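First up is the structure itself, then whatever we jot down about it.
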Amino acid sequence: MPNASTRPKRGRRNRRVPREDPARNELVSRSLESAQQCLFNQDYATAFVHYLLVLNLAPVLKDFARESFRFTLFKWADELDSLGRIQDLFDCYEQALELFPTDEVIINSMGEHLFRMGFRDEAAGHFHKALKLKPDYPEAKENFYRVANWLVERWHFLMLNDRRRNHKYQQAIQKAVEGGCNTVLDIGTGTGILGMCAKKAGAAEVYACELSKTMYELACEVVTANGMNGRIKILHLKSLEMEVPKDIPKRVSLVVTETVDAGLFGEGIIESLIHAWNHLLLPPQSTQDPSRPPSQTGRVIPAGATVFGMAVQCLEIRRHHRLCVSEVGGLATAAAGELHSPVSCSSEDDSTEPYTTERLSRLPGGYTPLTEPFSALDIDFNNVQELEGLCSREVRRVRLPVTGEGLLDALAIWFQLHLDQESSLSTGPKEDTCWEQAIYPVQTPHNFPLRPGDELIVEISCRDAYLRLCSVAVARDGREFCLDDCLDPDKPRNNPGPSGNPYPSLNAEAELCSALACLGTEQSSGPRDYTLLECAEMALLNNQPYHDSFRRALAKLITNLKDARSVQGPSQGQGLEVMTLTDSPSGPMDPGPDPFYVLDVSEGFSVLSLMAASQGQVKAYSSVEKTQHQAVLRRLARANGVPEEALEFWLNQVEDEQAVLQRPSREKLWSAIILDCVETCGLVRQKLMEKATLARCLLEDGGQIFPERIVLYGMLVESDTLLLESAVQGKEPTLGFNIAPFINQFTVPVHVFLDLSTLQCRHLSDSVELFILDLMNTNANYTNRDVKVQASASGRVTAVPFWYQIHLNEEISVSTFNQDSHWKQAAVVLHQPLAVREGDWVRLTVTLQKSSISISASIEEEAGETGTVDSVRESAQ
Ligand code: 44T
């Protein structure tokens, strides 16, 4: 038998060697022609197949056909997408990438599809790859910036910049290794730092595992760059999937890990450690046989933790988790029913999380402690029985003396991580730490202040590996008042009374309401009915000034349009020959005067359409999608006397072809189109200007886009905090290791979800107008603008925070930077800080590309005269 390795390989390479073959040339040229013809006929599926054939047979044509091939692919992929043929879609991309493996446009576009389908990690990997291939490819850059946070979460920077934390971990690891723990497993290695500490301390064998692909790849790069390649074995695995001897040859004597989140258990440390003790670690040091050396026993760093809690009043938390207003934009809210944020420790609902996280010290408006900090839990990570018993532990009930006066808005927790017997780290709100605290908001509607002398009764439990804290009652003057209502039907109750509720409520009326509310659900023993709103949606609904501004602006527009119509005469209006919407011609609505059509295309829950409908003579269309949210709007409509037919749901209509057909066919349809132009995170919504252009074409004469204009403002600041969150700082290696250049590849220049009012920073200038986006006249927009700003103090400009003034019309505007806002702010963090002296002029170059804003700063050598803008007008979008 001939040696297989000497046989000529019939590999792809050989097949691609050009051969003169007339029949084949003929096939190529005919297929190419067909491809082009199909493309012209918009038959993208066939065009795509022809192109595949052509380019596989004649790779020389790749450069020539690249553009058309891409175009065909993208068109066909869009069709497949809308048909829900996801597998076919990705197969097409795979085939395309076989032909063009380094085509950044195709890679980026595949990333966009992945992203839309929720595969964020993979999507981000594609954007990153596209950007590596072409570093200044704007589309990939924008996409990458938007998703980099998913690939490498921002806290990695904070943690690596936290010298105290690094040092403490290093010391604890060094002591353990020097004390004899010579085989080590780093669970959740991230950049590889703890594993490298163990190796440097002299551990004979070091293993590390990491579940995130990007972090695993990063750890491999970092370990190699630090000369430890082959000396630390890194596995792309979740620790729970690891086995001896498949993944590591034998059990280890030390596990190091920092897989803890603000709520301690959210990264699954309990499960990971139970598994590690059962499968990966040597048996623990036992009191019966203390003579076994550390190399033959197992232990964990951190050794354990103590969790602390505290009850707080905090308006900022309240307005993100509870409906706080009885009226908004002229609408009474009572009929909305119970609204909850998706953060609840008593709910079984999969779409809810038990806690959210905040840095208490940075909450706008601050917080009032209502109790002293109390110890909520102690856990020993070196005791597997304790770990296993944790979730089956009884619910623990603690009684906390109330020490402050105020409304109970949340319980906050933090912890002390005991690295070993001597050293610990604290994540408390008063510490100088980068850690956030876990917040368990109170959701149930009650409105009575706690006061000193009361006792707050809190239940502490551990379910689904999460620590849960629930305020259940208040003891006052020897009586107990129920707080948790009957949200959780499974919760065991002491001494249940006739209604199953052990506590009388605070007053008779509340008791009656509570009993009534429970009645409907008790028979089915299911949870009470409530509607979930995202935290930002809740804050938006609570934002009265915003809705009042809208109400006034809408009223003004309608008045103007009515005036215009009355001047024109009743039958001369815009397209009045056209029939009205679905209710006509035989619908129940009084034909009356032709209505004004208002379309609200806000993302998520919005009551703006209903506010428009409540103006009278308005037919409003809402783009609210969720059935539950539509139901809330319908209830509100009914309770506020808005006729049912005055509010329609756009998406229901679009799906209902019959209704679409019944829509008036006149060209200029809408009196107002409401665009939701700024995302909660502080960025302009993607494709805003394209949407505005489209919206403008759909307006009737005198109609308006809301907002008509947004103005971007910014200022110069010096903020070390922002730097620490955006990149590993300084030239010094981290604990002696070279990590920064690798993780800093994932630095993004724009910071989002910022609370500018509490950001630790020095203002180095006044705020200045940076850019105007005119939505009513998109042709008037520029894409570049230079603005001169004078430094009001000396310092280092590290960032330019920015926010928006949203002009609904000439007179009425709202700011995205104020106390009641549901918006956060964003900031561009400069690549290099800019040193300025008081009085210096700084030139800010602001660029808008596809709704994404970038800002760069430089010192302006010649003093500007007035500091006014110097704009470069470029072609419109
Ligand atoms: N956030 C802290 C969490 N992993 C810290 O993939 C503190 C948040 C924070 N790998 C503001 C400030 C701070 N097996 O890369 C991650 C994760 C990985 C695992 C393998 C496992 N069983 C796991 C579990 C997690 O471990 C790494 C660290 S986890 C969280 C750390 C500065 N906001």
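Both backbone and side-chain heavy atoms feed into the values below; hydrogens, waters and symmetry mates do not. It should be emphasised that the depicted structure is a prediction, and the values quoted were computed from it without experimental measurement.
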- prompt: Is there a side chain to side chain contact (heavy atoms under 4.5 Å, CB included) between Y367 and M310 once you walk through the steps?
  reply: CA-CA 11 Å; Y367 65 95; M310 178 171 73; 3.7 Å; yes
query: Can E327 and R551 be said to form a salt bridge (charged side-chain N to carboxylate O under 4.0 Å, His left out), step by step?
result: CA-CA 13 Å; E327 181 274 341; R551 187 165 127 94; 5.4 Å; no
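- Side-chain atoms of N640 and S614 include no donor-acceptor pair closer than 3.5 Å.
- With D820 contributing its side chain and N543 its backbone, the two residues share no donor-acceptor pair below 3.5 Å.
- Within a 6.0 Å sphere centred on CD of E241, heavy atoms belonging to other residues, nucleotides or ligands number more than 12.
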task: Give the intermediate values and the outcome of side chain to side chain contact (heavy atoms under 4.5 Å, CB included) for residues N542 and L323.
output: CA-CA 6 Å; N542 283 322; L323 181 65; 3.7 Å; yes
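- E388 CD: more than 12 foreign heavy atoms inside a 6.0 Å radius.
- Put simply, the side chain of Y804 reaches to within 4.5 Å of the side chain of V684, judged on heavy atoms.
- Partners of K824 under the side-chain hydrogen bond (donor to acceptor under 3.5 Å, both in side chains) rule, at least two apart in sequence or in another chain, are D755.
- Atoms CG and CD, from D378 and E386 in turn, are 8.0 Å apart once rounded to the nearest 0.5 Å.
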For residues 260-277, please give each side-chain donor-acceptor pair under 3.5 Å, one per line with the distance, not counting sequence neighbours.
| from | atom 1 | to | atom 2 | distance (Å) |
| --- | --- | --- | --- | --- |
| D261 | OD1 | G263 | N | 3.2 |
| D261 | OD1 | L264 | N | 3.0 |
| D261 | OD1 | G266 | N | 2.9 |
| D261 | OD1 | Y355 | OH | 3.4 |
| D261 | OD2 | Y355 | OH | 2.5 |
| S272 | OG | G268 | O | 2.9 |
| H275 | ND1 | S239 | O | 3.3 |
| H275 | NE2 | L240 | O | 3.2 |
| H275 | NE2 | M242 | O | 3.4 |
| W277 | NE1 | F381 | O | 2.9 |

field: side chain to side chain contact (heavy atoms under 4.5 Å, CB included) between I674 and D676, worked out
entry: CA-CA 7 Å; I674 301 170; D676 175 13; over 6 Å; no
message: Checking H547 against L540 for the side chain to side chain contact (heavy atoms under 4.5 Å, CB included) test, could you report, in this order, the C-alpha distance in whole Å, the side-chain angles of both residues, the deciding distance, and whether it holds?
response: CA-CA 9 Å; H547 287 95; L540 169 62; 4.0 Å; yes
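- A side-chain donor-acceptor contact under 3.5 Å links T306 and H418.
- Remark: the backbone N or O of L756 is paired with a side-chain donor or acceptor of Q825 at under 3.5 angstrom.
- Crowding of N278 atom CG: a count of heavy atoms from other residues, nucleotides or ligands under 6.0 Å exceeding 12.
- Taking CZ of F605 as the reference point, atom OG1 of T531 lies at 8.5 Å (rounded to 0.5 Å).
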- request: Would you sort out whether E455 and R399 count as a salt bridge (charged side-chain N to carboxylate O under 4.0 Å, His left out), showing the intermediate values?
  value: CA-CA 6 Å; E455 267 185 326; R399 297 174 76 94; 3.0 Å; yes
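- Between the T758 side chain and the R362 main chain, a donor and an acceptor come within less than 3.5 Å of each other.
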